[in-house]
Each structure stands twice: as C-alpha cells, then as structure tokens.
Amino acid sequence: MDVELVLLLAAALGAGWVDAVVGGGGLIQLPALMLLNPGAPVASALATNKLASIAGTSSAAVAYLRKAKPDLPVALPGAGLAVAFSAAGALCATAISSDVLKPVIMVVLLTVAAVVVLRPDLGRAPALVLRTRRRTAAAVLVPGVVIAFYDGLVGPGTGTFLVITFTALLGTDFVNASANSKIINTATNLGALVVFAAQGQVLWALGLAMAVCNIVGAQLGARMAINRGAGFVRAVLLCVVAALVLKLGYEQFT
C-alpha cells in the first residue's frame with residue numbers, strides 16, 4: 001500500500017472524528033487530498049472530500065439520533081433546504097473566488113471564538129430561550145440556506161457554524177447542537193456531491209476508501225462527544241476555530 005494512500009486514510013479517520021464532535025474535518029481532509037494527490041484537479045479534491053465526508057456525517061447523525069436529542073422539527077426542514085442550497089453553492093464555486101470570502105470567514109470565526117470564550121456557560125447546558133416563530137424560522141433558514149450555500153461554495157468550518165447557530169438561536173447545549181448540525185451537514189454534503197458527481201469530478205475508488213475511515217472516525221467522535229458532554233465539545237470547538245483562523249490567515253497573507 002502506498003504511503004500517500006495510508007496518510008490519506010489516516011486523514012479521513014481524523015477528519016471523521018473532528019466532524020462528529022464539532023465540525024471542521026475538512027480542515028484535515030481537504031488539504032491532505034490536495035497535498036498527497038497533486039495530479040488531481042482542485043475540483044476533484046473537493047468532490048472526493050464530499051464523498052468521504054457524507055459517509056462520516058451521516059454515520060455520526062445516526063449515532064446522535066440514538067443517544068442525543070436533535071431538534072427534528074427544525075433540523076429536517078433545514079436539511080431539505082440544505083440539499084438545494086449547497087448544490088447551488090457548488091454550482092457557483094467556479095464563478096466566485098474563495099479568496100474574496102476568506103477575510104469575511106476569518107472575521108466570522110474570530111467572532112465565534114470571542115463569543116465562546118467570553119460566554120463560558122454557552123452550550124454547557126440547555127438555556128431558557130423563548131422559542132418564537134421568528135427564532136424557529138431563523139434556525140431553519142440560516143443553516144438550510146446561508147450555511148448550506150456556503151458549504152457548497154467554500155466549505156471550511158461549516159459544522160462549527162452550524163453548532164454555534166443552533167446554540168445561539170435555540171439555546172441548545174453543544175452536544176444536541178452537534179446532533180442537529182450532523183443532520184444538516186449530511187444534507188449539505190449530499191447537495192454538493194450530486195453536482196460534483198454530475199460533472200464527473202469524484203475519484204470514486206479513493207473516496208470510498210476514505211469514506212470507510214471517515215465512518216470509523218465519526219463513530220468514535222460521536223460517542224466521545226455524547227459521553228464526555230458539552231465541556232469536551234466546547235474545548236474541541238475552540239481548537240478547531242483557532243486552527244481554521246490560522247489556516248485561512250496563512251493562505252490570505254502568503
């Protein structure tokens with residue numbers, strides 16, 4: 001077995017774990033695909049990443065459904081929208097340069113980190129939030145439209161944005177917010193994957209091998225998040241946000 005393939009499978013395992021806990025596995029998996037498979041076009045790396053990711057996120061979603069409490073009346077309509085809008089984002093991916101969006105993404109991520117640090121109780125336990133129609137609608141539309149379109153277009157940090165959105169709008173703790181986010185993230189991966197597959201961009205053999213490792217990592221991550229609770233998810237969240245900011249900053253200024 002080639003060393004490059006072993007490293008890609010290891011990256012898929014780690015990405016599945018991170019994605020299951022708090023999102024952001026693309027930070028590991030996508031750069032690995034681009035670095036260790038240099039002959040493939042960037043679109044093929046994006047497409048193959050989606051194939052591996054959808055296996056992990058859907059596997060994690062099943063694990064959370066069994067032991068956590070996803071908000072299905074919110075998550076399922078959001079997922080339906082997410083398929084369509086992530087596909088739209090993938091179609092626009094060739095028309096809009098991700099370099100234009102990187103400064104905006106960095107500001108958003110830094111804001112997320114500041115909110116989590118300055119509000120240590122955020123996500124540790126369910127908060128008493130008045131579930132108005134406006135809040136409920138926002139909890140469906142922001143993940144299902146805005147974040148889904150972003151995932152199809154660019155991608156990094158999608159799971160993290162989903163977790164924070166559900167925590168802020170619905171008062172959910174981080175574990176149950178992660179459960180909601182896995183349902184939406186499965187849908188965003190599906191929408192983008194359909195577009196990439198139709199364009200013939202998916203490296204199926206490599207993607208399926210990585211998908212198996214992604215599932216293993218996702219199962220381990222989901223179980224750790226459920227067993228260790230919101231404090232563990234919060235710590236991983238901050239680490240992932242910091243890594244995303246550093247990665248995007250490096251790409252922006254070098």
Side-chain angles (χ1 to χ4, degrees), residues 15 18-27 29-30 46 49-50 53-54 56-58 60-61 64 70-93 96 98 100-116 122-123 134-172 174 176-196 233 236-237 240-241 243-245 247-248:
V18 172
D19 257 340
V21 177
V22 76
L27 178 69
Q29 194 164 257
L30 184 57
L46 290 168
N49 175 59
K50 288 299 181 190
S53 295
I54 193 172
T57 52
S58 59
Y64 276 109
D71 195 332
L72 295 181
V74 169
L76 292 181
L81 290 170
V83 173
F85 281 91
S86 64
L91 286 170
C92 294
I96 302 175
S98 60
V100 175
L101 298 175
K102 283 176 184 175
V104 177
I105 299 167
M106 288 176 63
V107 170
V108 173
L109 285 168
L110 287 169
T111 303
V112 167
V115 169
V116 175
L122 180 69
R134 184 173 296 179
R135 275 185 177 270
T136 303
V140 172
L141 294 175
V142 173
V145 176
V146 180
I147 299 177
F149 184 83
Y150 164 80
D151 190 34
L153 180 66
V154 186
T158 295
T160 306
F161 292 143
L162 288 168
V163 169
I164 289 297
T165 298
F166 286 121
T167 303
L169 289 176
L170 301 179
T172 6
F174 280 138
N176 289 314
S178 291
N180 287 342
S181 75
K182 292 301 150 291
I183 295 171
I184 302 291
N185 211 175
T186 298
T188 64
N189 284 329
L190 176 61
L193 179 60
V194 168
V195 171
F196 286 129
V233 178
V236 177
L237 174 66
V240 170
V241 168
L244 282 166
V245 170
K247 177 180 181 292
L248 291 170

Practice item. Could you list all the salt bridge (charged side-chain N to carboxylate O under 4.0 Å, His left out) pairs where at least one residue sits in residues 70-80, not counting sequence neighbours? Key: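 Every pair satisfying salt bridge (charged side-chain N to carboxylate O under 4.0 Å, His left out) with a residue in residues 70-80: Asp71-Arg131.
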Side-chain donor-acceptor pairs under 3.5 Å in residues 136-149, sequence neighbours left out?
residue	atom	partner	partner atom	Å
Thr136	OG1	Thr132	O	3.0

Please report the shortest heavy-atom distance between [X] and [Y], naming the atom on each side.
| X | Y | result |
| --- | --- | --- |
| Gly25 | Asp19 | N-OD1, 3.0 Å |
| Thr186 | Ala61 | OG1-CB, 4.3 Å |
| Ala82 | Ala187 | CB-CB, 3.8 Å |
| Val163 | Ser181 | CG2-OG, 3.7 Å |
| Thr167 | Ala177 | OG1-CB, 3.5 Å |
| Ala20 | Tyr64 | O-OH, 2.6 Å |

About how many Å separate [atom2] of [Y] and [atom1] of [X], when rounded to the nearest 0.5 Å?
| X | Y | atom1 | atom2 | result |
| --- | --- | --- | --- | --- |
| Thr188 | Ile183 | OG1 | CD1 | 12.5 Å |
| Ile164 | Leu169 | CD1 | CG | 11.0 Å |
| Asn180 | Leu76 | CG | CG | 9.5 Å |
| Asp151 | Leu162 | CG | CG | 8.0 Å |
| Phe196 | Leu91 | CZ | CG | 9.0 Å |
| Ser86 | Leu193 | OG | CG | 9.5 Å |

**Study point:** Partner residues of Asn189 under the side chain to side chain donor-acceptor pair (under 3.5 Å) criterion, sequence neighbours left out
**Key:**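 Here the qualifying residues are Lys50, Thr57.
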